[in-house]
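These numbers were taken from a predicted model, which means no experiment stands behind them.
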Amino acid sequence: MKVKYLLTMILAVTIFAVTAKNIKTANDLVGTWKYTVSNVPPEYETGIMTFEQKDDKTTGYLGQQERMEMKELTIDQGKVTFKLDFQGGLLTFTMTQDGDKLTGTIVSQDGEFPITATKEPAK
């Protein structure tokens with residue numbers, strides 16, 4: 001009986017550990033990410049996005065010198081979404097995080113554009 005109980009506990013702890021490892025949190029996102037967008041003019045192809053944690057809230061910005069704040073930023077189980085006011089239009093970003101990579105799309109009035117990003121090593 002004790003062996004069965006012990007095996008059940010080991011199984012439960014193993015399942016919890018594997019599940020916890022696969023859950024993405026906002027803290028996994030915090031840092032600087034270098035992104036690339038396809039099918040856009042060269043001046044918009046690459047850039048930096050930054051995610052910060054302040055007072056239990058994650059905020060984000062696009063750009064380095066002229067930082068544009070991400071609006072309606074949502075992080076839920078590895079899915080990252082936000083909106084950005086850009087040159088009189090609205091861009092909607094939808095990305096999925098897999099470790100140090102983000103992949104997804106940007107939707108604008110001009111169409112849909114693929115985006116990928118890689119997290120920069122912490123300094």
Side-chain angles (χ1 to χ4, degrees):
M1 189 69 167
K2 286 183 180 182
V3 172
K4 186 176 179 182
Y5 176 76
L6 182 60
L7 289 175
T8 303
M9 290 304 295
I10 290 171
L11 180 61
V13 168
T14 302
I15 290 171
F16 176 77
V18 169
T19 303
K21 182 180 179 203
N22 291 326
I23 294 175
K24 303 290 182 213
T25 65
N27 287 334
D28 294 334
L29 197 62
V30 171
T32 302
W33 297 73
K34 187 178 276 189
Y35 69 83
T36 303
V37 182
S38 302
N39 306 323
V40 295
E43 63 269 24
Y44 303 118
E45 282 181 345
T46 61
I48 299 291
M49 63 176 78
T50 307
F51 296 93
E52 301 172 351
Q53 188 76 27
K54 293 180 183 173
D55 302 325
D56 293 333
K57 183 179 178 193
T58 304
T59 57
Y61 303 91
L62 221 63
Q64 281 183 300
Q65 284 75 28
E66 294 182 31
R67 292 173 22 135
M68 296 178 282
E69 185 175 358
M70 297 174 185
K71 311 285 186 195
E72 300 176 34
L73 175 60
T74 305
I75 303 152
D76 186 25
Q77 296 182 354
K79 187 174 179 183
V80 180
T81 59
F82 61 90
K83 297 180 186 215
L84 197 68
D85 294 318
F86 184 74
Q87 296 183 345
L90 187 66
L91 303 178
T92 302
F93 291 69
T94 304
M95 298 178 289
T96 302
Q97 182 181 5
D98 183 13
D100 288 348
K101 285 212 167 280
L102 290 169
T103 56
T105 57
I106 303 170
V107 177
S108 76
Q109 64 268 18
D110 297 321
E112 206 170 286
F113 305 93
I115 183 171
T116 59
T118 304
K119 191 172 188 180
E120 297 285 288
K123 295 179 183 179

Determine the minimum heavy-atom distance between [X] and [Y], stating which atoms define it.
X: Ile115; Y: Met49; result: CD1-CE, 3.8 Å
X: Leu91; Y: Ser108; result: CD2-CB, 3.3 Å
X: Phe82; Y: Met95; result: CE2-CE, 3.5 Å
X: Gln64; Y: Arg67; result: O-CG, 3.4 Å
X: Lys79; Y: Thr94; result: CE-CG2, 3.6 Å

Test of understanding: with ring-ring contact (aromatic ring centres under 6.0 Å, His included), list the residues that count as partners of Phe113, not counting sequence neighbours.
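Partners of Phe113 by the ring-ring contact (aromatic ring centres under 6.0 Å, His included) criterion come out as none, since no residue qualifies.
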Return a table of donor-acceptor pairs under 3.5 angstrom between the side chains of residues 29-41 and protein atoms on other chains or two or more places apart.
unit_1	atom_1	unit_2	atom_2	d
Trp33	NE1	Leu29	O	2.8

If you measure from [atom1] on [X] to [atom2] on [Y], what distance do you get to the nearest 0.5 Å?
X: Met70; Y: Thr81; atom1: CE; atom2: OG1; result: 11.0 Å
X: Leu62; Y: Thr50; atom1: CG; atom2: OG1; result: 8.5 Å
X: Lys101; Y: Thr118; atom1: NZ; atom2: OG1; result: 3.5 Å
X: Leu102; Y: Gln97; atom1: CG; atom2: CD; result: 5.5 Å

ILVMFWY cluster, [X] and [Y] together (side-chain gap under 4.5 Å):
X: Phe86; Y: Leu90; result: no
X: Val107; Y: Tyr44; result: no
X: Tyr61; Y: Leu84; result: no
X: Met68; Y: Val80; result: yes

Could you tell me whether the side chain of Asp98 reaches within less than 4.5 Å of the side chain of Thr103, counting heavy atoms only?
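No, too far: nothing below the 4.5 Å cut-off.
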What residues, two or more places apart in sequence or in another chain, satisfy side chain to side chain donor-acceptor pair (under 3.5 Å) together with Glu120?
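Not a single residue meets the side chain to side chain donor-acceptor pair (under 3.5 Å) criterion with Glu120.
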Answer yes or no: does atom CD of Gln109 have more than 12 heavy-atom neighbours from other residues, nucleotides or ligands under 6.0 Å?
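It does: Gln109 CD has more than 12 such atoms within range.
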